[in-house]
Amino acid sequence: MSDPFEITDTPEPATTTARHLEGLNESQLEAVENIDGPVLVLAGAGTGKTRVLTTRLAHILMERKARPGEMLAVTFTNKAAREMQERVAGVLGTSVEGWWVGTFHALCARMLRRNAELVGLKSNFTIIDTDDQLRLIKQILLEREMDVKRNPPRTFLFTIQGWKDRALEPDEVPPGEVMDAVGGDAIDVYKDYQSRLRAVNAADFGDLLMHAVKVLQKNPDILAEYQNRFRYIMVDEYQDTNAAQYMWLKLLAKTHANICCVGDDDQSIYSWRGADVGNILSFEKDFSNARIVRLERNYRSTPHILGAASGLISFNEDRLGKTLWTDVNDGEKVRVHGVFDSGVEARFVGDEIESRHRKKENLSSMAILVRTSAQTREFEERLITLGIPYQVIGGLRFYERKEIRDAVAYLRIISQPDDDLAFERVVNFPKRGIGDAAMQTLHIHARARGIPLTAAVDELISSDELRPTPRKALALLMSDFSRWRASSLELPPAELCNMVINESGIIEHWKRDKSIEAPGRVDNLKEMVVGLEQFDSLQNFLEHVSLVMENEENKSTDKLSIMTLHAAKGLEFDTVFLPGWEEGLFPHQRSLDEAGTEGLEEERRLAYVGITRAKKRALVTYASRRRLFGQWKPALPSRFVDELPNEHTDRGLEDDLEEPGGYSEFSSPRQRARSGQQRESISYHQVGTDAGDLKIGQRVFHQKFGYGRISELEGDKLEIDFEKAGPKKVMASFVELAE
DNA sequence: ACTTGCTTGGTTTTT
DNA sequence: CCAAGCAAGT
């Protein structure tokens, strides 16, 4: 990573004057050209927000108002950051390496590494994730002999996170809040938590922001340096910023006040995570005579989609108000369709997708957007049966997988021996006979001496406080670590990692494991080694893993996407399916219970985000009963269904929702006409299977997974290689013979 | 030290 | 209904 204070030369201006401004509409131009003074851009969905931001950045450079190192462009997600980097690089034809373009967290981390000692950390501090956070808090609760049952670590984490989102250190928490939080215990846990983090030289995500703010607040010289440096500041997805991020921005923008924030209050859907839409309103107060620019011309959707979305969102009281328009004509109305239950819904949507696909519409241009991730399952099962390739976006990310986290933990200790959390994770993985008893001894010693666990091991290894088995195992492990640490200075990170996963026994462990997912885990580890090749230092890789790493989906094959509405923000599809529009599910009951009208309005914004993802068509469905925790519950259509304006919706004929039993998918003539394929599967599952007929190689049919052959047979448990769904373990009673 | 059966509770999720 | 996390068994 190049030195952040190194200022790259300004690229030459484009030969044609203002070529980068071509094709911008009037409001976009206003947002791009007014670079001096505070600007708030209210950018509706699909109005070219990213284009404005990147063009503005390019414009500042071309006008020679600032050099690259004097600009700060902040986004919320890595995806947005990457997009901005790529597009700026594209417009200017230069690399943006080393520029201050990135996520809040990445940029704060970058600042913090330069001044870590000011907040009690070393510059090579580890960035920990939620998993580590929870384990740390749990340890603290146990140490304090608190009831982990009554008040789970999550509760404390949530409270602490809330304070960090507002950049409140333990001694800054307002007295009024101290007692409220878990009976006054939270503040003590917070104190312990912060000192434990410092002891293991680690920061959590909230710390990156909070510490960065504190460094600026408490060190006028550093603050002045940054304030002078950043002549122009740009912020994306401004509606999602939390208090700490806003403080950081305000501090940095103080001197030049050339700050441009782009956001859409109607798309604020992360308040439950500390985001504060109020920051949009505060902007005008904190930056006097701020220019407000509205981007309302939509380039994405048809008038009916915009009309439906606008009508819906107009039910929100608390908004700044924008009216999206387009000069595109016609298009399809938003379809609204009621079905009997979630199973029928899945079939209905599945059939729709299949028929669109048959008409040559790419699967990748369609998406199913659900409110809760639990809803994805029924659709997955249906798509597997239909043989439609799909991907669920936002499941486990690569680095969240167990095997990857284990390997990364090894690398963390190599890079930073004080990292107790990583040490605990790997000390007995793979199994080497170090159990609770040994760890207890280590903890006691480490705490008494105020040293990290690895240091405690060093001290105890020659004493007789440890039993022989763990003592030998620890000695071996420690010698491994010092050997790897020595290698880390010479070998490239990829080779080091390869060495570690082999010599530690991780690879062997998974090779020996007979479970279905084990081979995949070995593959993932190998993939990780390959991925490591692009890093020149272990440090850089670890930073990447904690801050930037995302799942790279193979885009090569044409796949349908299933994801939550939250995950869909910022994306667009020709066809969008919006299932589960029922009271209680969407709007979600919990939002209503916990946040009342505000909760409802946020849910409505979520619905707005959902509809505005569609370029050409949207299909809303609701079911009259849905399974909740295993039980069928009756459901009413969501109020959002009623709020969609009639002139933009096509409500079709409602199916006979009252019909009992599982056959209602054939209840309407429309459906009956197109159902050909399912009639078969209905007759199939009426047939019982005689266990005597089951043998290896037998071809069978399964309701969820389709056809496959039995590869293993154990009592009434079968392992079946499904043609579409791959190998799965299923009960014999769920399959029918097929031939 | 590791494996088995039971209780419990179960939005949204990025960094 | 189903997965995860914990207490008691070998």
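Labels below follow one simple rule: chain letters A, B, ... track the order of the sequence lines, proteins then strands, and each chain is numbered from 1. Below, all heavy atoms of this structure are taken into account, side chains as well, without hydrogens, waters or symmetry copies.
Of the two residues contacting DNA chain B, namely Leu606(A) and Gly206(A), the nearest-nucleotide position lying further toward the 5' end is that of Leu606(A). Taking for each of Ala437(A) and Glu602(A) the nucleotide of DNA chain B with the nearest heavy atom, the 5'-most of the two is the partner of Ala437(A).
At the heavy-atom level, Phe104(A) lies nowhere under 4.0 Å from the strands shown. Using a 4.0 Å heavy-atom distance criterion, Thr130(A) is classed as a base contact. At a threshold of 4.0 angstrom between heavy atoms, the contacts of Glu400(A) with the nucleic acid are absent. Backbone-only contact: Asp436(A) has heavy atoms under 4.0 Å from sugar-phosphate atoms and none from a base. When heavy atoms are screened at a 4.0 angstrom cut-off, Lys164(A) is found touching no nucleic acid atom at all.
Closest approach to the Asn78(A) side chain among dT13(B), dT11(B), dT15(B) is made by dT15(B) (side chain taken as heavy atoms from C-beta onward). The side chain of Arg627(A) sits closest to dC1(C) out of dC1(C), dT11(B), dT13(B). Taking every side-chain heavy atom of His566(A) into account, dT12(B) is the closest of dT11(B), dT12(B), dT15(B). With distances taken from any side-chain atom of Tyr270(A) to the nucleotides dT15(B), dT13(B), dC2(C), the minimum falls on dT13(B). The side chain of Lys138(A) approaches dC6(C) more closely than any other nucleotide in the set dC6(C), dT12(B), dT15(B). For Arg590(A), the side-chain atoms get nearest to dT11(B) when compared with the rest of dC6(C), dT11(B), dT15(B).
A cation-pi arrangement is not found for Arg371(A) relative to Trp581(A), the charged atom failing to lie both closer than 6.0 Å to the ring centre and inside a 45° cone about the ring normal.
Ring-base stacking between Phe629(A) and dG9(B) is not satisfied when judged by a centre separation under 5.5 Å and a plane angle under 30°. Here Trp272(A) packs flat against the base of dT12(B); its ring centre is closer than 5.5 angstrom to the base's six-membered ring, tilted by less than 30 degrees.
For dT12(B) and dG5(C), the P atoms lie 16 Å apart once the distance is rounded to whole Å.
Two rings, from Trp248(A) and Tyr246(A), have their centers 6.0 Å or more apart.
Of the charged side-chain nitrogens involved, none lies within less than 4.0 Å of a carboxylate oxygen, so that Arg605(A) and Asp266(A) do not count as a salt-bridged pair. Ionic pairing of Lys569(A) and Asp264(A) is not present here: no N-O contact between side-chain nitrogen and carboxylate oxygen is shorter than 4.0 angstrom.
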Passes side chain to side chain contact (heavy atoms under 4.5 Å, CB included), Thr621(A) versus Phe577(A)? Steps please. CA-CA 8 Å; Thr621(A) 55; Phe577(A) 297 93; over 6 Å; no
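Note on Ser373(A): a side-chain N or O is less than 4.0 Å away from OP1 or OP2 of dT12(B). Of the side-chain N and O atoms in Asn428(A), none sit less than 4.0 angstrom from OP1 or OP2 of dA1(B).
Taking syn as a glycosidic angle within 90° of 0, dT11(B) qualifies as syn.
A donor N or O paired with an acceptor N or O is found under 3.5 Å between the base of dT14(B) and the side-chain atoms of Arg273(A).
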